2 protein chains.
Amino acid sequence: MNGIEELDWSLIRALLAVAEAGSLSAAARACGISQPTLGRQVAAAERALGIAVFRRHRLGLELTEAGAALIGPAREMQAAAARLMLAAAGRASRLEGTVRITASVAISQRVLPPLLARLRREEPGIELELHPSDDSDNLLYREADIALRMYRPEQLDVVTCAIGEIPLGLFAAESYLARRGRPASVEDLFTHDWVGLDRSDMLIRGLRAMGRPVSRGFFGIRCDDQQVYWRLVEEGAGIGIFQRPLARRQTGLVELFPDLPLPRLPLWLAAHQALRQTPRIRRVWDFLAAELPDACGTRAPA
Amino acid sequence: MNGIEELDWSLIRALLAVAEAGSLSAAARACGISQPTLGRQVAAAERALGIAVFRRHRLGLELTEAGAALIGPAREMQAAAARLMLAAAGRASRLEGTVRITASVAISQRVLPPLLARLRREEPGIELELHPSDDSDNLLYREADIALRMYRPEQLDVVTCAIGEIPLGLFAAESYLARRGRPASVEDLFTHDWVGLDRSDMLIRGLRAMGRPVSRGFFGIRCDDQQVYWRLVEEGAGIGIFQRPLARRQTGLVELFPDLPLPRLPLWLAAHQALRQTPRIRRVWDFLAAELPDACGTRAPA
DNA sequence: TATATTCCATTCATTAATGAATGGAATAGA
DNA sequence: TCTATTCCATTCATTAATGAATGGAATATA
């Protein structure tokens, strides 16, 4: 290739990865290649372009002024590449390839495994990647094809489907109740130990809506990590609030005041509009839309 | 690399090259790689994208409908890559690297060698590529950094510099004149044999402007290839018209009627605007702008 | 001060990509 | 009908790219 088309486009992508990650090692990890390889690719790009794109220092690589001038076009290539791949995905007709799903940690652990196992049996050509995450970051576009979210994503170009509302319930471990006694009334509930959340104010807002304003200090122990939250309640650290259908499957947990009106968690399925036309993603979407209401207990028993 | 950034960008370029060339072999030649390699790259891209980008048939590869949807984004990547490389070239500060020059065959052979040899001695860090071509295709953007043209390029973004006008002269070989006698008058000229051009009508137009309209058949022998044209006249095939300064350096050729008013050939230097700011290209440009008027005889003797 | 961590750069063995050579198919022209 | 040409696809040897391992430097921490 002659003239200005000499530069291998893959090298441009290497430049962009390093510019974004700030170091060879971090960029190499993100790209799934080795650090020496990426270093060589950056060096090759610099030789081909005739400029120093980065300054090397201990904590990584920093764009030179000349290098910074390349980032705009590199990003445009990236966006165009994304469009190309979306266009191709929209034309793929086989039920093959990878579908990446992101969902909360709780749902990833307690709802999706049996469903996805079944889906794999029904569609052996479709490979599934499950990314548990409680981050509310918008992962949808870059790292997942389908997202399960407890709020309605409002990003442009994203298609959403309401699965239902997940009922919540108060639960305590049998060991806790054996030690502290079972709350005799709703008022009594608030004399007990609770497990709370650290940075999230979800529980505080929920209790305020019940007419019970509390502060962070009300929760003697707090943790945002859902897995750890479950373990704390299971071990008798206090009363916790869970998605009722999931907690009812957990032995050793007792529901308190099942008829107490608690807020419900909405559950939405989301996918990028263009990707959703891809047969494999369409298949997974339809499967989840059909199966999740029952699996999450969002549908009243018939 | 996760998500939609999985596809090696170099494969996209391969797709584009084949889409534009219409066959693996032609695209491979244009890219300077082998046909099997390109075939593999296209196959790898098709596998990664999960669609058939091309239909193979005897005379090459034809875009499928799905493949055609990819060309827009691929072209956008190409444009962005070009912008990136222009940005980099504008930041290169060393007098190093390759400069590609295109000029007519005659000038490439008879004018530029001594000049470029000298430039190489003055600037050993600059590598030069010379592409002789009589094509009036716009090669400027893709295959050459600097072009010498006998017309003023009017493409947008191209900077031009007038070098001067090359005087033309009528010449014949001594052997021809020994055999046919020297033309006694201008009228006598037209009873002689002439070497003409095949597809180009330049000579016909020139003679018409002299009040001597002739048809193609007036030239008993015709060839568009400049090298062959020279050889034919040298071998005594007939009278030819040449750039006077170049022909005067050729032993064995005699100029006829030096005072006969003939059209003159304009000579222009052209470069892409953004590229011309690159130090090495700037250096070559300045050198040629300074040296070419004398070398081509476009400047009147002081 | 010693240890741990993270970074980039280099070496060497392994793997992947490439190109030369070849074959088969289709078409045009003598 | 035979030959020449151009195309894509395949095989095998060669070359280039890659990754594991390693080393040195800089910084933070016990």
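For clarity, every value in this text was computed on a predicted model and none was experimentally measured. First the proteins, then the strands, lettered A, B, ... as listed; each starts at 1.
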Participant: If you pin A:Arg40 and A:Leu61 to their nearest nucleotides in DNA chain C, which one's is more 5'?
Facilitator: A:Leu61
Participant: Under the salt bridge (Lys or Arg N to Asp or Glu O under 4.0 Å) test, which residues partner B:Arg55, sequence neighbours left out?
Facilitator: B:Glu62
Participant: Checking all strands, does A:Thr37 fall into the base, sugar-phosphate, or nothing category for heavy-atom contacts under 4.0 angstrom?
Facilitator: base
Participant: Going 5' to 3' along DNA chain C, which nucleotides are the first and last within contact of chain A (any atom under 4.0 Å from a heavy atom)?
Facilitator: C:dT6 to C:dT11
Participant: Residues in salt bridge (Lys or Arg N to Asp or Glu O under 4.0 Å) with A:Arg283, at least two apart?
Facilitator: A:Glu122, A:Glu123
Participant: Just by distance, do the side chain of B:Tyr229 and the backbone of B:Gly196 share a donor-acceptor pair under 3.5 Å?
Facilitator: no
Participant: Taking side chain to side chain donor-acceptor pair (under 3.5 Å) as the test, write out the residues that go with A:Arg231, two or more places apart.
Facilitator: A:Glu234, A:Glu235
Participant: Please name all residues satisfying salt bridge (Lys or Arg N to Asp or Glu O under 4.0 Å) with B:Arg75, sequence neighbours left out, ordered by chain then number.
Facilitator: B:Glu20
Participant: Write down the partner of C:dC7 under the Watson-Crick or G-U wobble criteria, each distance required to be under 3.5 Å.
Facilitator: D:dG24
Participant: Would you indicate what B:Gly60 reaches in the nucleic acid, counting non-hydrogen atoms under 4.0 angstrom: base, sugar-phosphate, or nothing?
Facilitator: sugar-phosphate
Participant: Using the closest heavy atom to pick a nucleotide of DNA chain D for each, name whichever of B:Pro36 or B:Ala26 lands nearer the 5' end.
Facilitator: B:Ala26
Participant: Which part of the nucleic acid, if any, lies within reach of B:Gln41 when heavy atoms closer than 4.0 Å are counted: base, sugar-phosphate only, or nothing?
Facilitator: sugar-phosphate
Participant: Between D:dT5 atom C1' and B:Arg29 atom CZ, what is the distance in whole Å?
Facilitator: 12 Å
Participant: For B:Arg120, give me all partners under salt bridge (Lys or Arg N to Asp or Glu O under 4.0 Å), at least two apart in sequence or on another chain.
Facilitator: none
